[in-house]
Chemist: 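Quick one: this structure, given as structure tokens, is what I'll be asking you about.
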Amino acid sequence: MATITRVLQVSTGSLSLPGGNIPFWGFADALRVIPQLPGPIIEATAGDRILIFLMRNFFRPIGEPISILFPGQENVLVRKIPGGPFILEPVKPQYSSGKIISFTNFLDELQDLIIEYSFIARKAGIYLYESGTNPEKQIQMGLYGIIIIRPPGYNNPGHPNFKTAYGTDTNSFFDVEKILVLSEIDSVMHNDVLPNVYYDMLKFKPDNWVINGRSFPDTVNEDNNSSQPYGSQINCRVGQRVLLRIVNAGLQNHTLNLGGFVGLVVAEDSFPLKTSTLDATYEKTSLTLGSGQRMDIIITPNASGEYYLFDRGYHHLVNNDHFPGGMMTKINVSS
Amino acid sequence: MPVIDLWAKDGYLSTPDGNSIYFWGFSKSETGPAQLPGPHIVARQGETININLYNTLTEPVSISFSGQSGIMADGQPVQPQYTDGKLLSFFNHAEPGGMVSYTFTPSFPGTFIYESGTNPHKQVPMGLYGGMVVRPADYNPDAREFKTAYGAGTDTEYDREYLLITWEIDPDMHQAVEEGKPYQVSKFLPRYWTLNGRCAPDTMLMDGLDYLPHQPYGSMIMGQPGEKILMRYIGAGIENHPLHPHGTHTRVVAVDGRLLRNENVDLSFKRFTVLVGAGQTYDQIYQWDDLGYTTQNPIPTILPNLRNMGVGDAGWTMWSGSPYLGVKGDIPVGVVSYNEFGEYYFMLHSHEELQITNWGEFPGGMMTMVAIYPSLSPAVGILE
Amino acid sequence: MATVIKRFGATDGWVSMPDGTDHYIFGFVDISVVPENQIFQYRGKATLLAPLLDVYEGDEVYLTLTNLGFPNRPDLDDTHTIHWHGFPNQIPLWDGVPEASISVPVGRDFTYYYQPLDPGTYIHHCHFEPVEHIQMGMVGPVTVRPKLEKELGLKFAYNDENTAYDREGLIFLTELDPRPHHLVANVQEFDWTEYSPEYWLINGRSYPDTVKPANDQSMPQQPFSALVEAYQGEKVLLRFVNIGFQQHCLQIPGVPLKVVGLDAQQLRGYNGEDISYWRDVIYIAAGQTMDVIFTAPRAGIYPLYNRNLNKNTIAGTEFGGMVTEIRVSPKP
């Protein structure tokens, strides 16, 4: 079992949206200049230890305490340099005056240089990592990212788990994989947020609807080195098994229509539906995901052409109130 | 090959509080009224159908058939449509004054939505949607074993069936479209919520009323004790709605027109509230079994003097005055009872309770009743 | 099988939020053991949540509703009902829908009778003008315990040993929009289509009040704690209820959740298949209940909160709202 080590920095940056550029807070790999939305994808194999060193960016700090929470992971450990604890100990919520101020241990701007989180990637699946400190503000500002945990043997042709999301006999074999991280952005909030000042979330009113941090038509552009590096166009051939890994990182619920295709739901919240005792996979044409939920879906296009995968909450298919835009991307099926 | 004509046109829908709201809808014919929801399409598994869309509106209109494959438009596979490189429609559309002809062969039985695939942020909230039911290939309403939602042997037999389509109305949007003014969908704020295009109490009226020419479908669910009542829910709005039937649970047997069953493994489940997701469908069996009380086997509590009780506080009551099915009791003077046969009524409504109002006034909105009759004609609860 | 005799009074009262604000409510108060000549002392003492109705499968339940009136709104003579939300095969007389049977005027009594046969987590609430009476607070929990508990002397959610648990907690979700509460207190009307809550509650309280003990002296009309305590390794049953007007997404990071029941039905297929499932997030709509079992992990404190993070606020002024804590102690 390997140890996957990542150094993540948190800094302020700029997002390009149809209405113009707005500030955001994002994660970045240590050597990267600008932060990104979503944060860098972290990939590991079930059984690996994941070590994440979190630092603030000294040139463009966000100006508040930062932390990472790992929903879906158990027994996460933490230590801090130089503030301590010095040896890894279980994460715990942080209190002030008897009330939670952070869901997990955080990096204190004044006292700490590095906070280290560590856990065993216990089971295959797709997970969020996200801020655990002022999360209503920091997650909306952009502090979320994806962890993919592969089953052992995933990379070995001939291994029964080869190119499966959850291992052999889980009906999760795929030819093409696409991660689709759903969220919404409130541009007014992004412009108004101040560090260490409570933001009135009753005013939360998103006006941008994004997949992988981009709104349509930017969603169909290729991956690049911008602050929104991940495209979401799906390119495949007729008959291929396309695994859509849909993650709702937003604060609201979203309903994706699978471009008219019937999808096979193979896992929810990274629990495979087909087990040794029961095949509970089922088919859907649209899926509603609650905030924080994940679904793995296989579609198998049977005809070439262009298809659109879109938020069935049609009012989210706009940029500046004009269709087309928002939470939508394209599936290109070639013969 | 069955041929269905749908004409996209405009009209005015009525709400019980006296409002008249401009909308876009599908009509069965050139001269018929636009209707909300669009005409029910009833197809058969494996049988090719042809749907001709005639567009009398001022912008292009298309129809998407989620869950169907191999859809052809004017003889070619459907494709997204662009204007100046910008996406206009998810599928081939009919230009204003024009038409497009769709053909496909449903390969699975079930309940589906059909809806506009052009400017859907506007056209679907304006009313361009309807329900489609695909009968299983072996469907035969005259043989119990073959009167099923998903085919013989799938445990989806039913006695009666009903289609309930949810939707919501923001009158400001409809008015802006009527007046040709820009509308910001970000300001979408519904004031009415509908079942089959009507707000309560109109939902409980019968089908095809002269004074609701654009809203032909009622939503009263009627059946007998012990019957299997198939309820097909479709979410046509852009919001999710939790529908809660009183009386008993429903068993959800299929979602999005797909049976919840893998070979011999049954995945159906019972719920007392089903969240009807936007663009999604839910087929359920509602079976109300009597608790067994009759005048010979009386209830274990004493019925109080009804003059001391609240009866008909809403101005009307849907209670007969008796605890027993099929029996009419005495109700206080001045209360109007509608229970001609001593039938029972169970409310079915959205549990986001603000949605059972008409612009804030209860009762209204996304609410109807399930009526259990001591005996009921087999001609009731047929979907055509 | 026992005979359970209960009496709930319908009346009004006030609840407090952590920001020091007080809000007018309608609600129920348990007067089961109050002598008849003293019941009027309970006017104005409605609680949020309404009293728990906690019974066994097969019990015969006689629940009398007494309308005590609203001392803070003597002009308002609303009738009330009790609707046992989700009771299978109910008859209209006991279903509590005023339009489909009867309701209880001020000063009157009515006795509902139930013999629940299906264990699980239910809700009771008033169904008179439900948008108003539910939002005003006339909502409470119902648990029906399975026969198997009595047979084996252990705790189960359903009649299945796979649903065994050691401890249980209630996670009963509602929202509070202060505007209608204020308007109703001041004899004015509210346009319900403008509903926009500012407080999100578990068991009638907003965090940090959620973790205060039950029957805390500071909140006499909010007696239900939402603090969940367990020893490491114990099985904990959480009964999730949503009787607000919104959908909610609850999570406990680091704790996988096994959903064993929905809407007071064990998750079993048509042929008895075990279709219980695991989740990291509990997505629950208005009018639904879910029975969830988890194994208490290593000792520590685990926050339970709404992943619709904008709802974890106290009227937009500070962190709070739909949040509580799971406190796990080392094995004794």
Side-chain angles (χ1 to χ4, degrees), chain A residues 69-76 90-93 95 97-104 119 122-123 125 127-128 130-132 134-140 186 189 198-206 248-253 268-273 277-278 280 288-294, chain C residues 18 196-200 207-209 211-212 246-259 267 269 273-285 295 297-321 323-325 327:
Chain A
L69 196 68
F70 300 92
Q73 310 298 340
E74 297 172 61
N75 299 313
V76 180
V91 291
K92 56 189 177 197
Y95 287 79
S97 308
K99 187 178 161 184
I100 289 174
I101 54 164
S102 174
F103 288 140
T104 188
F119 56 92
R122 194 172 60 85
K123 59 186 183 61
Y127 301 88
L128 276 164
E130 60 190 25
S131 165
N134 305 330
E136 72 288 344
K137 178 163 79 171
Q138 294 195 3
I139 292 175
Q140 165 56 206
D186 178 343
M189 177 172 171
Y198 187 76
Y199 187 82
D200 175 3
M201 292 305 287
L202 298 182
K203 294 192 295 191
F204 179 61
K205 195 162 189 342
N248 185 356
L251 274 51
Q252 300 185 333
N253 309 331
E268 297 187 58
D269 287 359
S270 301
F271 295 100
L273 297 179
T277 52
L278 185 79
T288 299
L289 279 85
S291 177
Q293 288 193 314
R294 296 96 64 196
Chain C
S196 183
E198 297 183 8
Y199 300 91
W200 284 266
Y207 184 82
D209 290 347
V211 297
K212 288 182 180 168
Q246 298 182 330
Q247 297 146 48
H248 299 293
C249 296
L250 283 298
Q251 67 175 14
I252 316 171
V255 182
L257 305 168
K258 187 181 188 188
V259 182
L267 274 162
E273 295 87 343
D274 180 359
I275 54 171
S276 62
Y277 53 79
W278 291 87
R279 284 287 183 280
D280 287 332
V281 178
I282 298 301
Y283 178 19
I284 186 166
T295 302
R298 75 184 174 200
I301 297 175
Y302 297 83
L304 180 160
Y305 59 91
N306 198 328
R307 183 56 175 71
N308 304 141
L309 297 158
N310 51 309
K311 297 171 179 172
N312 300 329
T313 184
I314 302 167
T317 59
E318 59 179 310
F319 172 74
V323 179
T324 188
E325 298 173 12
R327 294 186 187 158

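Letters A, B, ... are given to chains in the order of the sequence lines, protein chains preceding strands, and every chain is numbered from 1.
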Chemist: Using 0.5 Å steps for rounding, measure from the OH atom of C:Tyr277 to the CG atom of A:Leu278.
Modeler: 13.0 Å
Chemist: Find the distance between OG (A:Ser270) and CH2 (C:Trp278) and round it off to the nearest 0.5 Å.
Modeler: 14.0 Å
Chemist: Between C:Asp280 and A:Arg294, which heavy-atom pair has the shortest distance, and what is it?
Modeler: OD2-NH2, 2.8 Å
Chemist: Grab the two heavy atoms, one from A:Pro93 and one from C:Ile301, that are nearest each other, plus how far apart they are.
Modeler: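 Scanning both residues, the minimum pair turns out to be CD-O, 3.1 Å.
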Chemist: Over all heavy atoms of both residues, which pair between A:Leu69 and C:Pro253 is shortest? Give the atoms and the distance, please.
Modeler: CD2-CG, 3.8 Å
Chemist: Given that the side chain runs from C-beta out, which part of C:Glu273 has a heavy atom under 4.5 Å from chain A: side chain, backbone, both or neither?
Modeler: side chain
Chemist: A:Ile139 versus chain C, heavy atoms under 4.5 Å apart: side chain, backbone, both or neither?
Modeler: side chain
Chemist: Relative to chain A, which segment of C:Asp274 carries a heavy atom at a distance below 4.5 Å: side chain, backbone, both, or neither?
Modeler: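 When you check distances to chain A, only backbone atoms of C:Asp274 fall under 4.5 Å.
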Chemist: Would you say the ring centroid of C:Phe319 lies under 6.0 angstrom from that of A:Phe103?
Modeler: yes
Chemist: Considering only NZ, NE, NH1 and NH2 on the basic side and carboxylate oxygens on the acidic side, decide whether C:Arg307 and A:Glu130 come within less than 4.0 Å.
Modeler: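 Looking at A:Glu130 together with C:Arg307, the answer is yes, because their closest N to O distance falls below 4.0 Å.
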Chemist: Counting only heavy atoms closer than 4.5 Å, note whether A:Glu268 contacts chain C via side chain, backbone, both or neither.
Modeler: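 Its backbone and side chain both get close to chain C.
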Chemist: To the nearest 0.5 Å, tell me how far C:Leu309 CG sits from A:Gln252 CD.
Modeler: 11.5 Å
Chemist: Once you round to the nearest 0.5 Å, how far does CG of A:Leu273 lie from CD1 of C:Ile275?
Modeler: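 Going from CG on A:Leu273 over to CD1 on C:Ile275, the span is 11.5 Å.
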Chemist: Hey, does C:Pro256 have a side-chain heavy atom less than 4.5 Å from the side chain of A:Phe271?
Modeler: yes
Chemist: Which atoms of A:Gln140 are under 4.5 Å from chain C, going by heavy atoms: the side chain, the backbone, both sets, or neither?
Modeler: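 Answer is neither: A:Gln140 stays 4.5 Å or more from chain C.
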Chemist: Any sub-3.5 Å donor-acceptor pair from C:Asn310's side-chain atoms to A:Met201's backbone N or O?
Modeler: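 No.
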Chemist: Applying salt bridge (charged side-chain N to carboxylate O under 4.0 Å, His left out), run through A:Glu136 and C:Lys311 and close with a yes or a no.
Modeler: CA-CA 9 Å; A:Glu136 72 288 344; C:Lys311 297 171 179 172; over 6 Å; no
Chemist: Can you tell me which portion of A:Asn75 sits under 4.5 Å from chain C's heavy atoms? Options are side chain, backbone, both or neither.
Modeler: both
Chemist: Can you measure from CG (A:Asp269) to CD (C:Gln251) and round to the nearest 0.5 angstrom?
Modeler: 9.0 Å
Chemist: Give a yes-or-no answer on whether the side chains of C:Thr313 and A:Tyr198 include a donor-acceptor pair shorter than 3.5 Å.
Modeler: yes
Chemist: Taking A:Glu74 first and then C:Arg298, would you say they form a salt bridge - that is, a charged N and a carboxylate O separated by under 4.0 Å?
Modeler: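 Here A:Glu74 does not pair with C:Arg298 in a salt bridge, since their nearest N and O are not under 4.0 Å apart.
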Chemist: For atom NZ of C:Lys212, decide whether the heavy atoms of other residues, nucleotides or ligands shown that lie under 6.0 angstrom number more than 12.
Modeler: yes
Chemist: Side chain, backbone, both or neither: which part of A:Ile100 has a heavy atom under 4.5 Å from chain C?
Modeler: both
Chemist: Tell me, out of C:Ile282, C:Thr317, C:Ile284, who's got the most heavy-atom pairs with chain A below 4.5 Å.
Modeler: C:Thr317
Chemist: Please report the closest heavy-atom contact between A:Asn253 and C:Cys249, naming both atoms and the distance.
Modeler: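 That would be OD1-SG, 3.5 Å.
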